[in-house]
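Labels below follow one simple rule: chain letters A, B, ... track the order of the sequence lines, proteins then strands, and each chain is numbered from 1. Just so it is clear, the values below take in all heavy atoms, side chains as well, and ignore hydrogens, waters and symmetry mates.
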Protein chains: 2
Amino acid sequence: MKDRAASIGTKERLLRAGEQLFRTRGYAGASLKQLTQAAGAPWGSAYHFFPDGKEQLGVEVVRQAGDFYGDGWRESFDRADGPGDAIERVFRAEARILEASDYRNGCPVASVTLDTASTSEALRSACASAFEVWLRAIEGGLRKAGASDGEATALAGFVLSAIEGAIVLSRAAKSPAPLLQSAAFVREVVDRRAEDWRAARANPVQTESSERG
Amino acid sequence: MKDRAASIGTKERLLRAGEQLFRTRGYAGASLKQLTQAAGAPWGSAYHFFPDGKEQLGVEVVRQAGDFYGDGWRESFDRADGPGDAIERVFRAEARILEASDYRNGCPVASVTLDTASTSEALRSACASAFEVWLRAIEGGLRKAGASDGEATALAGFVLSAIEGAIVLSRAAKSPAPLLQSAAFVREVVDRRAEDWRAARANPVQTESSERG
DNA sequence: CCTTCTTAATAGACTGATCTATCAAATTCT
DNA sequence: AGAATTTGATAGATCAGTCTATTAAGAAGG
């Protein structure tokens with residue numbers, strides 16, 4: 001039988017330890033030795049499950065993070081009271097994560113991007129895909145609220161940029177202020193549009209871009 | 001005499017090579033050997049000018065970047081036609097930098113933050129200071145345009161968050177789209193307020209927060 | 001003007017630690 | 001037993017950092 005501590009599966013534990021370490025120390029700063037230790041896995045297991053080494057592990061960590069937090073975005077849009085509320089909730093959730101971890105647990109995808117975008121096409125591409133998953137989740141939430149395709153795409157890029165940057169600033173400052181400040185302004189932009197979308201739905205007369213104030 | 005290539009001074013060359021490498025490979029991913037080689041400096045010089053090693057070099061790189069790009073923000077506010085224009089110009093300048101470097105030259109302070117915020121208080125604090133310099137530059141530009149102190153502070157955090165995050169997304173995607181999308185929405189937020197400030201100046205009757213709509 | 005003293009900078013060999021990666025032995029399952 | 005999986009020892013490279021020696025350049029003193 002398998003025995004102690006392996007109830008989750010070694011590969012899964014390695015992936016989780018990888019995500020955690022990439023969050024706190026970046027990709028380059030996280031060694032496989034630390035990683036296997038944190039996962040409670042023997043050294044050889046890393047190369048058993050990821051024969052192509054650290055890069056492969058990194059790619060899979062990023063992909064998993066993309067899926068996981070993509071679900072988080074979708075859930076937030078499902079649960080919340082309108083797109084502005086959904087987005088603000090994610091900002092606030094992120095602020096809580098940062099505070100609870102003493103501002104260590106940043107975004108693993110951003111960390112991997114900055115460490116590897118210039119040196120590993122495989123990792124850069126994995127990060128691009130993970131961001132793409134999140135962008136589409138946000139985009140979907142906005143479209144469901146009435147945004148046109150193009151507007152949803154552009155807004156999603158803005159929303160994700162704002163939260164990713166705010167995480168960086170919050171970590172440096174060890175303060176939730178950048179996240180909360182950004183949340184308010186992003187929400188303002190989204191809410192204003194959401195109102196237009198509601199109006200356009202209620203009265204589908206005008207072609208596009210109702211009036212400008 | 002000094003001889004070839006040293007006309008800038010070895011320390012300065014080390015700092016510049018450090019900034020460049022931190023931009024492209026992050027702090028942890030940039031080795032001192034690469035760094036001294038890129039600077040055309042002998043190995044020993046790194047420890048001659050930075051006796052406390054890589055961490056000290058990192059701190060000074062970050063401080064210098066803080067000062068340099070802080071001046072850039074101020075210049076943009078001086079030259080531009082209003083705060084919205086100034087901010088959009090910085091976004092567009094950053095997009096040009098990314099395109100010209102094939103999306104390798106990101107923000108050195110963000111890179112150092114993500115790699116070291118959890119492991120080196122000295123570096124985390126240096127990054128916080130550099131961001132603070134930029135925040136105050138933006139804040140100053142906004143106040144000059146009529147923003148109140150509190151509004152300028154909050155807006156500056158939002159603006160810097162948006163551009164930092166957009167740089168990350170643009171690097172991952174190898175596309176200027178996130179920067180340009182964010183620029184438009186940030187500008188919308190700033191321009192709308194700038195109009196209020198102008199109105200409040202022209203007609204200083206109402207107490208605060210003129211009308212909403 | 002020339003010599004000597006002093007300090008700054010250059011230069012690279014070297015150390016111990018740590019990194020990624022390999023691999024053959026050990027273990028587990030069928 | 002035999003096949004598949006798991007495992008830790010270890011190789012080879014590279015890391016940050018130390019050390020000693022050399023060169024450059026000026027200051028002090030005759």
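An OP1 or OP2 oxygen of C/dC19 is reached within less than 4.0 angstrom by no side-chain nitrogen or oxygen of A/K33. Residue A/S31 places none of its side-chain N or O atoms closer than 4.0 Å to OP1 or OP2 of C/dT18. Between A/S45 and the phosphate of D/dT6, there is no side-chain N or O to OP1/OP2 separation shorter than 4.0 Å. The phosphate of C/dA9 (OP1 or OP2) has a side-chain N or O of B/H48 nearer than 4.0 angstrom. B/Y47 has a side-chain polar atom (N or O) that falls below the 4.0 Å cut-off from OP1 or OP2 of D/dG17. The shortest distance between the side-chain N/O atoms of B/T10 and the OP1/OP2 oxygens of C/dA9 is not below 4.0 Å.
In this structure, B/L35 places its CG atom 9 Å from P of D/dA16, rounding to the nearest Å. Distance B/Q37 CD to C/dT10 P: 16 Å, rounded to the nearest Å. For the pair A/E55 CD and C/dC19 C1', the interatomic distance rounds to 16 Å; values are reported in whole Å. To the nearest angstrom, C1' of D/dT7 lies 11 Å from CZ of A/F49. One can place CG of A/L32 at 16 Å from P of D/dT7, the figure rounded to the nearest angstrom.
Annotation for A/D81: atom CG does not count as buried by contact number, only 12 or fewer foreign heavy atoms lying within 6.0 Å.
Within 4.0 Å (heavy atoms only), B/A28 reaches no atom of the nucleic acid at all. Across all strands, B/G53 comes closer than 4.0 Å only to sugar-phosphate atoms, never to a base (heavy-atom distances).
Counting distance only, with no hydrogens placed and no angle test, the side-chain atoms of A/W43 and the base atoms of D/dT6 include no donor-acceptor pair under 3.5 Å.
Partners of B/F185 under the ring pair (Phe, Tyr, Trp, His ring centres under 6.0 Å) rule, at least two apart in sequence or in another chain, are A/F158. Residues satisfying the ring pair (Phe, Tyr, Trp, His ring centres under 6.0 Å) test with B/Y47, not counting sequence neighbours, are B/W43.
A donor-acceptor pair under 3.5 Å is absent between the side-chain atoms of B/D85 and the main chain of B/A80, judged by distance alone.
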